[in-house]
Amino acid sequence: VHLAESGGGSVQPGDSLTLSCAISGSADSQFCMGWFRQVPGKQREAVATIGSDGTTAYDGSVEGRFTISRDNVKNTLYLQMNSLKFEDSAMYYCAAAFARLKGLWLLRAGQDAVDTWGQGTPVTVSS
């Protein structure tokens, strides 16, 4: 499976941004996916995940502002980010975990459960 993110950029606080992750190399869509982010000096953290059953889970810092979705026809994972804050600035990574489990599992399991990463796309929130 190959993952390729796009859509990152520089925005102002309060703005919105949508990240996309093109998924290729797998005919099976029944696995968990998620968006992780990382800032220098810190571990990569899960912010939004979606299970093989379509259930979603969010880190408390983004719940209510971010929405993860997956289009199995277009083979694309999305992250809609609204009301962006300075602290949302990070490199955002698309991730796949080859397990048929709920989104909450991947959120809790974190980066150690990930089998495949994208190359990352940067998001900068500044005034």
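Note that the structure is a prediction, hence the values are computed from the model and not measured.
- Checked against Met33 for a side-chain contact (heavy atoms from CB on, under 4.5 Å), the options Val114, Leu3, Ile68, Leu106 give a single hit: Leu3.
- A distance of 7.0 Å separates CG of Asn72 from CD1 of Ile23, quoted to the nearest 0.5 Å.
- Rounded to the nearest 0.5 angstrom, Cys32 SG and Ile50 CD1 are separated by 9.5 Å.
- A donor-acceptor contact shorter than 3.5 Å is absent between the side chain of Gln80 and the backbone of Thr67.
- At a threshold of 4.5 Å between non-hydrogen side-chain atoms, the residues Ser20 and Lys74 do not count as touching.
- The closest donor-acceptor contact from the side chain of Arg100 to the backbone of Ser52 lies at 3.5 Å or more, if one exists at all.
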Please lay out, stage by stage, how Tyr93 and Phe36 fare under the test ring-ring contact (aromatic ring centres under 6.0 Å, His included).
-> CA-CA 5 Å; Tyr93 295 91; Phe36 288 65; 8.7 Å; no
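- At least one side-chain heavy atom of Val123 sits less than 4.5 Å from a side-chain heavy atom of Leu19.
- With Lys102 as reference, Asp53 is the one residue of Thr49, Asp53, Thr55 to meet the side chain to side chain donor-acceptor pair (under 3.5 Å) rule.
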Please assess Tyr58 against Arg65 for the test side-chain contact (heavy atoms from CB on, under 4.5 Å), listing each intermediate value before the final yes or no.
-> CA-CA 10 Å; Tyr58 298 91; Arg65 299 188 297 121; over 6 Å; no
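- The closest donor-acceptor contact from the side chain of Gln38 to the backbone of Ala90 lies at 3.5 Å or more, if one exists at all.
- The side-chain heavy atoms of Met81 and Val62, taken from C-beta on, include no pair separated by under 4.5 Å.
- Using modelled atom types, one side-chain atom of Glu5 and one backbone atom of Gln119 make a donor-acceptor pair closer than 3.5 Å.
- The line from CG of Leu77 to OG of Ser69 is 7.0 Å long, rounded to the nearest 0.5 Å.
- Between Phe66 and Tyr92, the ring planes lie tilted relative to each other; the angle falls in the 30° to 60° range.
- Side chain of Thr124 to backbone of Ser89: no donor-acceptor contact under 3.5 angstrom is found.
- Phe86 meets the ring-ring contact (aromatic ring centres under 6.0 Å, His included) test with no other residue; sequence neighbours excluded.
- Listed here is the closest heavy atom pair of Pro13 and Ser126: CD-O, 3.6 Å.
- Interatomic distance, CD of Glu45 versus CG of Leu107, reported as 9.5 Å (0.5 Å rounding).
- Leu79 contributes atom CG, which lies 10.5 Å from atom SG of Cys21 (distance to the nearest 0.5 angstrom).
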